[in-house]
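All residue numbers refer to positions in the sequence shown, counting from 1.
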Amino acid sequence: MLNYMQNTPYYFYDLDLLNRTINEVELNIRNSAFRVHYAIKANNNKKVVSFIAKRNFGADCVSAGEIMLALECGFNSADIVFAGVGKTDEEIEYALLNNIGMLHCEGLEEIQVINEIAGRLNRRPRVALRLNPDVDARTHEKISTGKYENKFGFSPEEFAELTQQGSSLQHIEIVGLHFHVGSQITDTVVFKELSERINELVPVYEKYFGTLHYLNVGGGLGIDYQNPDVNPIPDFRNYFETFRQNLNVNVPVHFELGRSIVAQCGSLRTKVVYIKRSGAKTFAVVDAGMTELLRPAMYNAYHKIEKYNNALALSNGGVYDVVGPLCESSDFFGKNVPLPELKRGDILTIRSCGAYAESMSLNYNGRTKIGSVTSEHVLTQFRIIKVA
């Protein structure tokens with residue numbers, strides 16, 4: 001049954017937890033005008049994306065490659081939204097030729113390019129304007145997107161200029177607004193403040209562009225990286241209720257959830273290659289690296305690390321820096337991590353890797369992209385061995 005364990009490192013996806021998480025999302029938007037699009041940037045594993053595509057979700061894409069993947073995995077083109085601050089001409093053309101449901105436009109020059117390409121292709125796409133609301137996400141500076149100093153969305157200056165040019169954009173249909181203020185947000189006050197800011201901006205939009213028909217409030221709901229077993233599913237009830245209570249709009253509200261749907265269902269399994277000691281430090285050198293999980297190196301992010309299938313008390317172990325094999329001092333997963341005693345060949349599980357692990361993986365240092373295993377695959381292997 002555990003033959004696949006020899007081929008570390010690999011990603012493991014618990015499809016049962018993914019299913020329960022999706023059920024919880026659906027429960028909390030039932031009988032409402034809320035519509036969820038899965039943010040493919042969080043995890044682009046085909047098995048995972050195809051699993052989500054079978055549910056009543058749309059897809060949120062930020063590149064032509066993600067649009068292509070969404071279509072391959074079964075998402076309807078009309079349910080795909082295309083965002084991104086630097087869409088190329090080729091990507092815009094690809095989206096228009098595939099009749100993507102909504103383009104989220106992030107700047108003045110971009111909307112002019114979309115209009116020109118649409119005219120050339122004899123298309124008239126629906127466009128939502130991404131506005132920068134200047135709302136502080138209270139999260140890590142590298143995943144905060146809603147302040148004026150961030151690169152995303154129309155600035156007030158560009159929006160004011162657009163109001164003077166709107167009538168000249170004859171090949172697009174401006175139908176609504178799009179917002180996204182950041183990622184890994186755990187304080188719902190942020191979403192309350194965003195809702196209040198949207199309430200202020202909708203009348204301004206309608207003054208120049210007519211009745212609002214579409215509203216997308218982005219995503220950003222965080223997860224509990226410290227306690228993945230205690231809180232395997234985020235508090236979707238409170239998240240959606242915050243928007244219900246504070247948004248004052250009469251249109252369907254779209255969301256782009258990624259991390260909150262897939263993060264806890266995934267983990268990275270890696271093998272201890274060597275134990276090294278240097279002064280007071282003990283290093284567990286593993287065969288995964290920042291090429292498989294970039295977040296600790298990039299954001300100094302925390303991921304819970306466990307010894308796989310181990311019931312020993314931590315008092316029988318020690319404190320380790322869990323590090324990878326790459327030629328970078330930033331190549332680490334955790335420092336001063338209390339773990340049972342480790343030896344060469346032990347397997348570690350790095351938790352909460354369903355989001356921004358596989359999708360951010362690299363070939364740096366000549367590394368080969370690693371594979372993945374799902375709970376469905378493990379059960380199948382178990383049944384085969386049991387029957388044999």
Side-chain angles (χ1 to χ4, degrees), residues 5 8-14 17-18 21 39 41-45 48 139-143 182-186 220-234 258-273 281-310 314 317-326 328-340 342 346-362 364 367 369-375:
M5 293 283 290
T8 55
Y10 64 90
Y11 301 106
F12 176 80
Y13 296 113
D14 182 347
L17 177 54
L18 177 57
T21 304
K41 61 180 175 287
N43 188 309
N44 56 14
N45 179 282
V48 171
T139 187
H140 193 286
E141 63 176 9
K142 292 185 178 179
I143 50 176
S183 185
Q184 186 50 23
I185 298 169
T186 56
L221 178 62
I223 67 158
D224 190 342
Y225 282 97
Q226 282 72 27
N227 304 288
D229 292 318
V230 176
N231 297 305
I233 299 176
R259 184 196 312 265
S260 58
I261 292 175
V262 295
Q264 298 289 31
C265 83
S267 58
L268 173 61
R269 290 184 180 164
T270 181
K271 188 182 302 177
V272 176
V273 180
K281 283 286 186 184
T282 302
F283 297 96
V285 183
V286 298
D287 58 2
M290 60 188 283
T291 44
E292 287 70 53
L293 175 60
L294 189 58
R295 297 186 70 252
M298 180 176 273
Y299 310 129
N300 201 29
Y302 172 85
H303 285 260
K304 186 174 183 179
I305 303 174
E306 303 168 334
K307 186 176 179 182
Y308 181 77
N309 254 359
N310 191 86
L314 291 180
V319 176
Y320 299 84
D321 279 16
V322 181
V323 301
L326 280 82
E328 298 283 345
S329 294
S330 57
D331 182 29
F332 75 95
F333 296 120
K335 298 182 178 180
N336 300 317
V337 181
L339 286 164
L342 298 179
D346 284 340
I347 305 295
L348 298 182
T349 296
I350 305 175
R351 302 289 301 276
S352 310
C353 288
Y356 305 108
E358 184 169 6
S359 64
M360 296 178 76
S361 61
L362 309 167
Y364 181 51
R367 303 271 288 180
K369 293 288 187 85
I370 67 173
S372 64
V373 174
T374 66
S375 51

- request: Please confirm whether Arg269 makes a cation-pi placement over Tyr10, using NZ or CZ under 6.0 Å from the six-membered ring centre and within 45° of the ring normal.
  value: no
task: Could I get the full list of side-chain contact (heavy atoms from CB on, under 4.5 Å) partners for Ala288, not counting sequence neighbours?
output: Pro9, Leu268, Thr270, Glu292, Phe333
- prompt: Which atom names give the shortest non-hydrogen contact between Pro228 and Arg351, and what distance separates them?
  reply: CB-NH2, 3.7 Å
- prompt: So, Asn231 side chain and Ile233 main chain: donor-acceptor pair closer than 3.5 Å or not?
  reply: no
- request: Give a yes or no on whether a salt bridge exists between Asp346 and Lys271, defined as a side-chain N under 4.0 angstrom from a carboxylate O.
  value: no
- prompt: Distance from Leu348 atom CG to Ile305 atom CD1, nearest 0.5 Å?
  reply: 7.0 Å
- request: List the steps, then state whether side-chain contact (heavy atoms from CB on, under 4.5 Å) holds for Phe332 with Asn300.
  value: CA-CA 9 Å; Phe332 75 95; Asn300 201 29; 3.5 Å; yes
statement: Ser260 meets the side-chain hydrogen bond (donor to acceptor under 3.5 Å, both in side chains) criterion, sequence neighbours left out, with none
field: side-chain contact (heavy atoms from CB on, under 4.5 Å) evaluation trace for Lys281 with Asn336
entry: CA-CA 8 Å; Lys281 283 286 186 184; Asn336 300 317; 3.2 Å; yes
field: Shortest non-hydrogen contact between Gly324 and Asp331, atoms and distance
entry: C-OD2, 2.9 Å
message: Run Thr349 and Glu306 through side chain to side chain donor-acceptor pair (under 3.5 Å) and show every step you take.
response: CA-CA 5 Å; Thr349 296; Glu306 303 168 334; 5.4 Å; no
- prompt: Is a side-chain donor or acceptor of Asp14 paired with a backbone partner of Cys265 at a separation under 3.5 angstrom?
  reply: no
- prompt: Run the side-chain contact (heavy atoms from CB on, under 4.5 Å) check on Leu326 and Thr291 step by step: do they pass?
  reply: CA-CA 8 Å; Leu326 280 82; Thr291 44; 3.4 Å; yes
- request: State, to 0.1 Å, how close Leu221 and Pro234 come at their nearest heavy-atom pair, and which atoms those are.
  value: CD2-CB, 3.9 Å
query: Does Glu328 have any side-chain hydrogen bond (donor to acceptor under 3.5 Å, both in side chains) partners at least two apart in sequence or in another chain, and if so, which?
result: Tyr364
query: What is the distance from atom OG of Ser361 to atom CE of Met290, rounded to the nearest 0.5 Å?
result: 12.5 Å
field: Working for side chain to side chain donor-acceptor pair (under 3.5 Å), residues Tyr356 and Asn43
entry: CA-CA 6 Å; Tyr356 305 108; Asn43 188 309; over 6 Å; no
- prompt: Can you list the residues that meet the side-chain hydrogen bond (donor to acceptor under 3.5 Å, both in side chains) rule with Lys41, with sequence neighbours excluded?
  reply: Asp60
field: Phe12 vs Ser375 side-chain heavy atoms within contact, under 4.5 Å
entry: yes
- prompt: Taking all atoms of both residues into account, what is the closest heavy-atom pair of Ala297 and Ser330, and its distance?
  reply: CB-O, 3.2 Å
Distance in Å, Leu362 CG paired with Lys369 NZ, rounded so as to fall on 0.5 Å steps: 7.0 Å
task: Look up atom OG1 in Thr282 and atom CG in Asp321, then write down how far apart they are to the nearest 0.5 Å.
output: 8.5 Å
- request: Report yes if the side chains of Lys307 and Ile347 come closer than 4.5 Å at any heavy-atom pair, otherwise no.
  value: no
query: Among all residues two or more places apart in sequence or in another chain, which pass the side-chain hydrogen bond (donor to acceptor under 3.5 Å, both in side chains) test with Ser267?
result: none
message: Any non-hydrogen side-chain atom of Val322 less than 4.5 Å from a side-chain atom of Leu339?
response: yes
query: Is the backbone N or O of Ile350 less than 3.5 Å from a side-chain atom of His303, with the two atoms forming a donor-acceptor pair by type?
result: no
field: Verdict with supporting geometry, Val337 and Val319, side-chain contact (heavy atoms from CB on, under 4.5 Å)
entry: CA-CA 5 Å; Val337 181; Val319 176; 5.9 Å; no
task: Before giving the answer on side chain to side chain donor-acceptor pair (under 3.5 Å), spell out for Asn227 and Lys304 the whole-Å C-alpha distance, their side-chain angles and the decisive distance to 0.1 Å.
output: CA-CA 8 Å; Asn227 304 288; Lys304 186 174 183 179; 5.9 Å; no
- prompt: Would you say the side chain of Ile261 lies within less than 4.5 Å of the side chain of Leu18, judging by non-hydrogen atoms?
  reply: yes
message: Please give me the minimum heavy-atom distance between Ser372 and Asn45, naming the atom from each residue.
response: OG-ND2, 3.0 Å
query: What residues form a side-chain contact (heavy atoms from CB on, under 4.5 Å) with Ala355, not counting sequence neighbours?
result: Ala42, Arg259, Val262, Ala263
- request: Enter the distance from Ile185:CD1 to Ile223:CD1 here, rounded to the nearest 0.5 Å.
  value: 14.0 Å
task: Check step by step if side chain to side chain donor-acceptor pair (under 3.5 Å) holds for Tyr13 and Glu358.
output: CA-CA 11 Å; Tyr13 296 113; Glu358 184 169 6; 2.5 Å; yes
